[in-house]
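One structure is given here, and the rest of the page talks about it.
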Amino acid sequence: MSAARLTTPPRTLRLNQADNVLIAVDSLPAGTALAEGLVALRHVQKGHKIAAAPIGSGEAIRKFGQIIGFAGVDIAAGDWVHEHNVRMQEFARDYAFASEAKPESGLLPGEAPATFEGFRRADGRVGTRNYIGILSSVNCSATVAEFIADAVTRSGMLDAYPNIDGVVAFTHGTGCGMGAKGEEFDILARTQWGYASHPNFAAVLLVGLGCEVFQIGRLKKEYGIVEGPHFQSLTIQETGGTRKSIEAGVAKIREMLPAANAVHRETVPASELVLALQCGGSDGYSGLTANPALGAAVDLLVRHGGTAILSETPEIFGAEHLLTRRAESEAVGRKIVDLIDWWTDYAARSGGELNNNPSPGNKAGGLTTILEKSLGAVAKGGTSTLRGVYRYAERIDRHGFVYMDTPGYDPVAATGQVAGGANVLCFTTGRGSAYGCKPTPSIKLATNSDLFARMEEDMDINCGDVLDGVSIEEKGREIFQMVLDIASGRRSKSELLGYGRNEFVPWQIGAVM
């Protein structure tokens, strides 16, 4: 058996006939003869790129049939192609607004509608989990919020309420030292209310200090919030300090428990699913295996009437034209271009550029430029028509494939998606991101088999077998079925490990004063 492995030529992959690079599926030692008549001029790690033909200095480098950069020097056929010989420069993109939009096909003839077991809420939305959340209005009330959650958990009172998944504090680092109006305030308000009204919560307690910029009374007034069995609030200063606030918070949670427990899962259509799409710790395999497989699952979900949210605007840069073409209208497509323009200016004002991404880990995994990373990231969104573009943490009110503007930093991006209503999340990773997302279960998809074997306790699905012959469509069906199972109550690996308490990270966009 070992001799057979030794005589098997290392594998490479051409993704598109227009490409002038190949992907090293296996490690390529210097001098390796390759199937396309090439010889590796130096060692090329698996997941990295090798020139399929001579590439002259200044010539476009193509992967996925798209431009991922430009040769900084003459690159010989068989040479390693990476950041040492690739540079970024501007180039024209054909947005072709709505040119590839298509009507949704709906279910196939004879296909039964997919269902899952969820919690139907009073507003009609459906939850996949049944938590009680404790939100802090400001960082100054974060410790008390944590103390309340810990006190409830330690008390054992939850033992009598088996339908409740837990009591969890969601704290953050802002809420004061900020403007009392404008975009920064509005983002925090949308995020807080998005969580407070999220269908994965049976009830929420909002804890404030009392003197902060982000006033609980203002939030209640702006969103028409009436306190009752599903929403309560308190402030530390009015309640009488730390100890009295903890006692009051525990008492309020105790009052909420009976109603929160009096819910049961029922069979609901997959159209009630709102799936957040995330990728982190990406590698050279992300755009080949896990991301397109997740895209196939998204197409299935959309076919069954569900919703999927693609995000991370800095990580679609260079691939935005693939989304504008799929937009249902020119107006929707132009919103994507406007976001790219905003982010380009935002990065410049901060002394950066969008190509600061990929990260060192991404580059070690084979990704060279943000253009290359973005092309792989967009694959998570499948092929369905883009139905809408939303602001950060804005409530998603359309079914189908949609986009939300978020940073690329995973916890911040996912926080916005959950605030928008995502009740389940899929997260692809090639390097091994450690992540969870209470109250929304996170399903981790490994891009390669080595990672899955190394971190099997963290990874839910191995997509590395796509390189061994499993089709993208088959893997997409596997992912879709797990989404239904997890939504029905099966615990994801990150939930079993207890992740999700520290991943609530609202986007801080403005000056800290």
Side-chain angles (χ1 to χ4, degrees), residues 60-61 66-70 72 82-83 86-93 95 172-174 177-179 182-188 190-191 277-282 286-287 309-324 333-365 367-381 389-394 403-417 419-420 431 433 505-513:
I61 298 171
Q66 302 288 332
I67 294 174
I68 64 167
F70 297 84
H82 201 38
E83 57 181 329
V86 177
R87 59 179 170 81
M88 283 277 291
Q89 68 182 50
E90 269 302 317
F91 64 98
R93 266 90 90 185
Y95 293 128
H172 58 91
T174 184
M178 62 187 293
E183 192 171 24
E184 181 181 23
F185 188 94
D186 293 343
I187 283 175
L188 183 58
R190 289 198 302 269
T191 304
L277 310 176
Q278 282 291 318
C279 59
S282 301
S286 296
I309 313 169
L310 183 67
S311 297
E312 302 177 291
T313 308
E315 297 183 15
I316 66 164
F317 176 70
E320 70 272 15
H321 59 290
L322 303 182
L323 294 176
T324 61
R334 288 199 178 277
K335 289 182 179 181
I336 294 287
V337 179
D338 290 343
L339 292 180
I340 293 294
D341 291 342
W342 186 93
W343 274 94
T344 301
D345 178 66
Y346 181 58
R349 283 188 280 117
S350 304
E353 59 178 346
L354 293 183
N355 197 45
N356 288 355
N357 198 342
S359 69
N362 297 152
K363 292 177 180 179
L367 296 176
T368 301
T369 67
I370 185 57
L371 305 178
E372 179 181 12
K373 185 177 183 181
S374 294
L375 289 164
V378 166
K380 299 193 303 291
V389 176
Y390 292 82
R391 297 173 297 169
Y392 184 89
E394 188 175 8
Y403 188 86
M404 176 183 283
D405 179 34
T406 75
Y409 185 37
D410 309 316
V412 181
T415 295
Q417 292 173 318
R431 304 294 291 174
S433 291
V505 188
W507 185 11
Q508 290 184 250
I509 195 173
V512 179
M513 294 179 283

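Partners of Tyr403 by ring-ring contact (aromatic ring centres under 6.0 Å, His included), not counting sequence neighbours: none found. Scored by the side chain to side chain contact (heavy atoms under 4.5 Å, CB included) test, Arg334 finds Phe97, Glu330 as partners (sequence neighbours excluded).
When all heavy atoms are compared, the tightest approach of Gly333 to Thr324 is O-CG2, 3.5 Å. Minimum heavy-atom separation, Ile509 to Ile187: CG2-CD1, 4.0 Å.
Gln508 and His172 share no side-chain donor-acceptor pair at under 3.5 Å. Remark: the Asn362 side chain and the Ser359 side chain contain an N/O donor-acceptor pair separated by less than 3.5 Å.
Two residues are said to be in side-chain contact when any heavy atoms from C-beta on lie closer than 4.5 Å; Arg431 and Ser282 fail this criterion. For the pair Met88/Phe70, no side-chain contact is recorded, criterion being any heavy-atom separation below 4.5 Å from C-beta on. Counting only heavy atoms from C-beta outward, the side chains of Gln417 and Gln278 approach each other to under 4.5 Å. You'll find the side chain of Leu323 stays beyond 4.5 Å of the side chain of Val389, heavy atoms only. Side-chain contact between Ile336 and Ile316 is present, with at least one heavy-atom pair separated by less than 4.5 Å. Side chains of Leu277 and Ile309 form no contact here, defined as non-hydrogen atoms less than 4.5 Å apart. Arg190 has its side chain within reach of Arg391: a pair of non-hydrogen atoms, C-beta onward, lies under 4.5 Å apart.
Between atom CZ of residue Arg349 and atom OG1 of residue Thr344 there is a gap of 11.0 Å, rounded to the nearest 0.5 Å. Rounding to the nearest 0.5 Å gives a distance of 11.0 Å between CG of Leu322 and OH of Tyr95. Annotation: the span from Thr369 atom OG1 to His82 atom NE2 amounts to 10.0 Å, rounded to 0.5 Å. With rounding to the nearest 0.5 Å, the separation of CG in Leu339 from CE in Met404 is 11.5 Å. Here the straight-line distance linking atom CD of Glu372 with atom CG of Leu367 works out to 5.0 Å at 0.5 Å rounding. Atom CD of Glu184 and atom CE of Met178 lie 4.0 Å apart (nearest 0.5 Å).
Formation of a donor-acceptor pair under 3.5 Å by the Ser374 side chain with backbone atoms of Glu315 is found in this model. In terms of modelled atom types and a separation under 3.5 Å, the side chain of Glu394 and the main chain of Tyr390 share no donor-acceptor contact.
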Q: Assess whether side-chain contact (heavy atoms from CB on, under 4.5 Å) is satisfied between Thr368 and Ile68, documenting all intermediate values.
A: CA-CA 8 Å; Thr368 301; Ile68 64 167; 5.7 Å; no
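A cation-pi arrangement is found for Arg93 relative to Phe91, the charged atom lying closer than 6.0 Å to the ring centre and inside a 45° cone about the ring normal.
For the pair Glu83 and Lys363, the salt-bridge criterion is met [side-chain N within less than 4.0 Å of a carboxylate O].
Applying the side chain to side chain donor-acceptor pair (under 3.5 Å) test between Asp405 and each of Trp343, Trp342, Trp507, Tyr392 identifies Trp343 as the sole match.
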Just distance, no hydrogens or angles: give the donor-acceptor pairs under 3.5 Å from side chains in residues 406-415, sequence neighbours left out.
| residue | atom | partner | partner atom | Å |
| --- | --- | --- | --- | --- |
| Thr406 | OG1 | Glu312 | N | 2.9 |
| Thr415 | OG1 | Pro411 | O | 2.7 |
| Thr415 | OG1 | Glu503 | O | 3.3 |
| Thr415 | OG1 | Val505 | N | 2.9 |

